[in-house]
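For reference, the structure is listed below as structure tokens.
Below, each value reflects all heavy atoms present in this structure, side chains not excepted, and no hydrogens, waters or symmetry copies. Just so it is clear: chains get the letters A, B, ... in the order the sequence lines come, proteins before strands, and each one is counted from 1.
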Amino acid sequence: MSTFTLFCLIVVLAVIGFFAGRHKVNSQSKPLHSLPRYYGTYVALFAFIPALLVLLVWLLASPIFLGKTIASQITADMIPEGGSAELVLSDVSRIAQGLRAGADNGLILTENINDTVNLAVLADVLASSGVFLGGELNPDVLQLALSYTDAAAFSHFLMICVVLGLAMAGFVFAYGRVNPEFWARNRVEQTYLGVLILAAGLAILTTAGIVLSMLFETINFFQLHEMRDFFFGLNWAPNFHGDSELSILPLLWGTLYISLVALLVAVPVGLFAAIYLSEYASKTVRSVAKPLLEVLAGIPTIVYGLFALITFGPFLKDWFGDGGFLGVNWMGDARSVATAGIVMGIMLIPFVSSLSDDIINAVPQALRDGSYGLGATQSETVKQVVLPAALPGIVGAILLAASRAIGETMIVVLGAGAIARFTGNPLEALTTITTRIVSQLTGDGDFNSPETLVAFALGLTLFVITLALNIVALYIVRKYREQYE
Amino acid sequence: MKDQAMTTLETSVTDQNNKFSANNVDVYYGETHAIKDVSVNIENNTVTAFIGPSGCGKSTFLRCLNRMNDTIDICRVTGDIRLDGEDIYNAKVDPVQLRAKVGMVFQKPNPFPKSIYDNIAYGPRIHGLFKTKADLDGIVENSLRRAAIWDEVKDRLDAPGTGLSGGQQQRICIARAIATAPDVLLMDEPCSALDPIATAQVEELIDELRENFSVVIVTHSMQQAARVSQKTAFFHMGNLVEFGDTTKIFTNPEDPRTESYITGRIG
């Protein structure tokens, strides 16, 4: 029985439970505490939810558990030269997968595989199910794979028994409790609450999980590389000899510099657009212009990256580069701080304008009336009353935009260049934290080398920076909201 | 013969004494006809009260007097409103200049999120009404004194205006309106957000302000209209039903609708 069939079975059981529970109270002539459908829902929920939860946990946990068991059986002589236990383990699970697929297709009978089987033929069969092995098939590894297959089959069987049993038990238990005096409605309400809490908890747990996985790899990195060099070194120079200088500071400089350029573009343009839209534009203009501006926000960042790479960068070079219109030779490469920063600024315009627009609209009309009533013009009112009142919120919006700029990846990968250094010239190439994460992880270097693991330390640092910015921004925005309530 | 001469003289005196004269004013909000053919004269050094049930158009009419309705897109005003004989809806009149001469105080206290000092100095700064810092200090102190709040705030002029109590905030708003040295002060239900004590303070203040300005006040409270005003206009469904001396309106109204409203039968 496949997992899907099992799932369908418990759904069917829940549906039956619904009708059974409803019928049970309907057939009694006593007055009911709740509506009949609540009794049905109560039985259905008891049949469905515990079984589903166990099913999910089992599906997540059993591969981990099986992997641990098999890993403990890997002996030193199974590990080929230059390989590692992890590689053998992944071979085992791939072979097991291939065996299962072969058995499903009728190519092999797993019961017939024993010491006498022709390993070369078996390897061909595995290849035909999409499992290609790097070297020769090791008989010991094959045995492990076979026991893995057996264990997986047993675990699956056990899962079906447990899940079905739980569904039945829930059904019987709930059906037994249902009677006209039973407070089914309140119980169902509690169950819904539980489900909602579970969903919220899952989201938080996932975040914690992401942070933890970053944290573990970061700890690995700091065991291989000096912490002082990472935080306080001045050079970013990864190499393959094992004496890399991996310091975050030049990358942080690039990140902050490009973000600053982006904000210099996005904040004035976005803010002025927001002021125009919320204070001056007529209803018709606003209804057309605001969605148009927000279209900008819907463009994928990779498209902005392409724009920077093939249009805007060369355009800047035509002006500032060798033989350019200005006759200066300030720009060697189309990729530069200005290229990435300005394009990123364009990307952030709708972000700033949309948030600021909401905040400016939240300024009470009474304040504007008060100012107009004293004979102030529209721009005097905006400058001296509306903007000061909206300022904390606008600062919050700018900080949120800044945290997006710092975390932005695709535009800088394509537009900023790859040179880590401290330079103040906006027409030179620089690199950022995010681009280095991409390039350190996408090479074919050893995963357990500091050159690769540094990506996690960079990622975690970036996460902490943007998290801090977001917290400050949200604090400011919230404080401002309280003023007018 | 002598009687007639007296009457003519009186009329001309009254004409000169008029601050605002509005004739045949109609106001439309899109399709809605909010004010129907209203004519009112507002005299110098007089408190004029506009009373009437909710939605009768009294606030709308008040907002015509300083062209605050201009800020509403769908609002259209026709008819003739003159301030000191000059048509305020003439294309040559700058509404911004007009509003400096016709101050306004709103229903809800709306101090700007600035210091008390900056709140009062807002108008003088915008209109350049002072030469030196000392002048400005003088204007601020004088305005606060006339709004009867100087003693309460003189030690904390740098504190934000939003931190005061409702009654204090409303008096700050009145001081702010006085600071631009207007001729007329429009008040749109200035006491509706205030407690009885603050209301009494503001009413007392209105009576004192009459020495220097004409005051037009919109109010829901008939007692308030009777207490503070010399003239009363009763609006009903966009029409000006009756306009005259307050004592006459409240003791011997001509129109049955006025009587019904005052005695609480409609409203």
Study note, to complete from the structure: Cut-off 4.5 Å, heavy atoms of chain A, and the answer for B:Pro111 is backbone
**Study point:** Point-to-point distance, once rounded to the nearest 0.5 Å, from CG of A:Leu367 to NZ of B:Lys108
**Key:** 9.0 Å
**Study point:** Most chain A-contacting option - heavy-atom pairs closer than 4.5 Å, from B:Gln97, B:Arg125, B:Arg99, B:Met68
**Key:** B:Arg99
Review point. Looking only at heavy atoms, which of residues 370-387 of chain A get nearer than 4.5 Å to chain B?
Key: A:Gly370, A:Ser371, A:Tyr372, A:Gly373, A:Leu374, A:Gly375, A:Ala376, A:Thr377, A:Glu380, A:Thr381, A:Gln384, A:Val385
Exercise for review: Counting only heavy atoms closer than 4.5 Å, note whether B:Val102 contacts chain A via side chain, backbone, both or neither.
Suggested key: backbone
Give the table of side-chain donor-acceptor pairs shorter than 3.5 Å for residues 462-473 of chain A, with sequence neighbours excluded, one pair per line with atom names and distance.
unit_1	atom_1	unit_2	atom_2	d
A:Thr466	OG1	A:Leu462	O	3.0
A:Thr466	OG1	A:Phe463	O	3.1
A:Asn470	OD1	A:Ser403	OG	2.9

**Study point:** Pair listing, ring-ring contact (aromatic ring centres under 6.0 Å, His included) test, anchored in residues 73-117 of chain B, at least two apart
**Key:** B:Phe112-B:Tyr122
Exercise for review: Please say whether more than 12 non-hydrogen atoms of neighbouring residues, nucleotides or ligands are located less than 6.0 Å from CD in B:Glu204.
Suggested key: no
Check your understanding: Is it true that atom CD of A:Glu294 has more than 12 heavy atoms of other residues, nucleotides or ligands lying nearer than 6.0 Å?
Key -> yes
Exercise for review: Tell me, for B:Arg63 versus chain A, whether the close heavy atoms (under 4.5 Å) come from the side chain, the backbone, both or neither.
Suggested key: side chain
Check your understanding: Between B:Asp94, B:Asp73, B:Val96, B:Asp70, which has the largest tally of heavy atom pairs under 4.5 Å with chain A?
Key -> B:Val96
Point to revise | Spacing of B:Ile72 atom CD1 and A:Gln365 atom CD [to the nearest 0.5 Å] | key: 8.5 Å
Exercise for review: Identify, with sequence neighbours excluded, every residue that meets salt bridge (Lys or Arg N to Asp or Glu O under 4.0 Å) alongside B:Arg82.
Suggested key: B:Asp80
Practice item. Assess whether atom CZ of A:Phe272 is packed by more than 12 heavy atoms of other residues, nucleotides or ligands within 6.0 Å. Key: no
Check your understanding: Checking heavy atoms, do the side chain of B:Lys101, its backbone, both or neither come under 4.5 Å from chain A?
Key -> neither
